[in-house]
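One structure is given below, encoded as structure tokens.
Position 1 is the first residue of the sequence; numbering continues from there. Since we're looking at a predicted model, the values are computed, not measured.
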Amino acid sequence: MKPFLLLASRAEDDAAEEEYESYLRFGGLMPAELHRVRLEAAPLPDIDLDRYSGIIIGGSPFNSSDPEESKTPLQHRVEKELSALLDQVVAQDFPFLGACYGVGTLGRHQGAVVDRQFGEAIGAVPVTLTADGRADPLLAGLPETFDAFVGHKEAVSKLPAHAVNLAGSPTCPVQMFRVRTNLYATQFHPELDVAGLLTRISVYRNAGYFPPEEAEAVMDSVRPAKVDAPGAILRNFTARYAR
């Protein structure tokens, strides 16, 4: 089997390792089957799509809707590299799944409006499939409504006409969308369970998602959550596209 490629951009090692392990576990993959490139550490090397079964983009501290003048040189580099790669990925309809930051990258590349209108605080929200979502193979086996973990400052407020909205929540109308046949993005985190979210709350307590002094309270609020459905999306993705 050709490996999948995980494009990561978390500079904090604890969060980066937790993310990688989560994609392995929920994707049903062995380490040799998930090649990781940490975009924050070095420029993106040339990617030969023929070497991979598919591409996954993890979450990121970057927000694509930030004013251009406020973005760091690192963010500008990462965005430029991902945009160039998406030119190839979209043209080939190459299997792609972007989680959270994938909404900003794929959405912006495809002409979606990505802004701060539908940000959501850290926690579990009910995600409901649209009619198109209920028919989509990547969502096979999931209930019509399921809880998923979110925590994001930006979201899609308007999809381009050629994109298909697959799921939404009461506070964010686009929780998952598809472009063409094989290009997907989720606003929620299909790779997160309670333990993983607790790690991220600790790591990102100073990142502006909540007042730092409230970190313990935020952790206490998510501990009772029962989030067990979204991981099936990753397993469906790897099962469908492994080659």
Side-chain angles (χ1 to χ4, degrees), residues 3-27 29 31 33-45 47 52 54-66 70-86 89 96-109 114 119-123 148-155 184-210 212 215 218-219 222 227 230-231 233-234 237-238:
F4 288 84
L5 174 63
L6 173 62
L7 298 177
S9 57
R10 299 184 185 278
E12 302 82 5
D13 287 340
D14 287 351
E17 293 308 312
E18 177 276 324
E19 180 180 69
Y20 180 64
E21 293 296 329
S22 294
Y23 279 112
L24 289 174
R25 183 168 71 257
F26 289 113
L29 300 171
E33 297 171 332
L34 185 61
H35 176 205
R36 177 176 58 170
V37 172
R38 292 183 64 170
L39 299 171
E40 88 292 345
L44 180 67
I47 301 298
Y52 296 103
I55 292 176
I56 299 169
I57 289 187
S60 176
F62 304 137
N63 291 290
S64 65
S65 62
D66 287 342
S70 73
K71 295 179 181 179
T72 65
L74 172 59
Q75 184 172 352
H76 280 295
R77 172 177 66 77
V78 169
E79 289 182 352
K80 182 178 179 180
E81 291 169 348
L82 288 178
S83 181
L85 179 61
L86 282 169
V89 167
F96 174 92
L97 176 61
C100 198
Y101 189 46
V103 165
T105 52
L106 180 62
R108 190 179 186 194
H109 184 274
V114 180
E120 291 176 297
I122 291 174
F149 283 128
V150 299
H152 54 100
K153 300 173 184 177
E154 65 180 8
Y184 293 88
T186 67
Q187 185 63 77
F188 58 88
H189 287 274
E191 83 286 2
L192 270 186
D193 56 13
V194 171
L197 184 55
L198 292 176
T199 296
R200 294 192 194 173
I201 293 170
S202 178
V203 169
Y204 295 113
R205 66 175 63 215
N206 295 305
Y209 292 99
F210 50 83
V218 175
M219 290 184 188
V222 303
V227 175
I233 295 170
L234 294 175
F237 182 77
T238 59

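- Nearest heavy atoms, Pro230 versus Pro190: O-CB, 3.5 Å.
- A heavy-atom distance below 4.5 Å is found between the side chains of Leu85 and Ile55.
- Inter-residue side-chain proximity for Pro3 and Leu34 is flagged as unmet; no heavy-atom pair is nearer than 4.5 Å.
- In terms of heavy atoms, Glu18 sits closest to Leu192 at OE2-CD2, 3.8 Å.
- Side-chain contact between Ile201 and Tyr209 is absent, with no heavy-atom pair separated by less than 4.5 Å.
- With rounding to the nearest 0.5 angstrom, the CD1 atom of Ile56 is 7.5 Å from the OG1 atom of Thr238.
- In this structure, Leu44 and Leu7 have side chains that are in contact, with non-hydrogen atoms separated by less than 4.5 Å.
- Under 3.5 Å, the side chains of Tyr204 and Arg10 contain a donor-acceptor pair of N or O atoms.
- Rounded to the nearest 0.5 Å, atoms CZ (Phe210) and CD1 (Ile122) are 5.0 Å apart.
- Proximity of Leu234 to Leu97: side-chain heavy atoms (C-beta onward) are separated by under 4.5 Å at one or more points.
- Between the Glu191 side chain and the Gly231 main chain, no donor and acceptor come within less than 3.5 Å of each other.
- Looking at heavy atoms from C-beta onward, Phe4 lies in side-chain contact with Phe237 at the 4.5 angstrom threshold.
- Taking all atoms of both residues into account, the shortest heavy-atom contact from Glu154 to Ser64 is OE2-N, 2.9 Å.
- Between Phe188 and Phe149 there is no side-chain heavy-atom pair separated by less than 4.5 Å.
- Between Arg25 and Glu21, no side-chain nitrogen of the basic residue sits less than 4.0 Å from a carboxylate oxygen of the acidic one, so the salt-bridge criterion is not met.
- A distance of 9.5 Å separates CG in Asp66 from NE2 in His76, rounded to the nearest 0.5 Å.
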Test side chain to side chain contact (heavy atoms under 4.5 Å, CB included) on Gln75 and Thr72; report intermediate values, then the result.
CA-CA 5 Å; Gln75 184 172 352; Thr72 65; 3.6 Å; yes

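- In this structure, the side chains of Asp193 and Val227 stay at 4.5 Å or more apart for every pair of heavy atoms.
- Nearest heavy-atom pair, Tyr23 versus Leu29, reported as atom, atom and distance to 0.1 Å: O-CD1, 4.4 Å.
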Could you check Val150 against His189 for side chain to side chain contact (heavy atoms under 4.5 Å, CB included), going step by step and ending with a plain yes or no?
CA-CA 6 Å; Val150 299; His189 287 274; 5.8 Å; no

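- The minimum heavy-atom distance between Cys100 and Gly151, with the atom names listed, is SG-O, 4.5 Å.
- Panel note: side chain Thr105, backbone Tyr101; a donor-acceptor pair is recorded below 3.5 Å.
- Between Leu24 atom CG and Glu19 atom CD the span is 11.0 Å, to the nearest 0.5 Å.
- For the atom pair OG of Ser202 and CE of Met219, the computed distance is 4.5 Å after rounding to the nearest 0.5 Å.
- By the side chain to side chain donor-acceptor pair (under 3.5 Å) test, Glu40 pairs with Arg38, sequence neighbours left out.
- Taking Arg108 as the reference, Glu68, Glu79 meet the salt bridge (Lys or Arg N to Asp or Glu O under 4.0 Å) condition, with sequence neighbours excluded.
- Between Leu86 and Phe96 the shortest heavy-atom distance is CD2-CE1, 3.9 Å.
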Please determine whether side chain to side chain contact (heavy atoms under 4.5 Å, CB included) holds for the pair Ile57 and Leu82, giving the CA-CA distance in whole Å, both sets of side-chain angles, and the decisive distance to 0.1 Å.
CA-CA 10 Å; Ile57 289 187; Leu82 288 178; 3.9 Å; yes

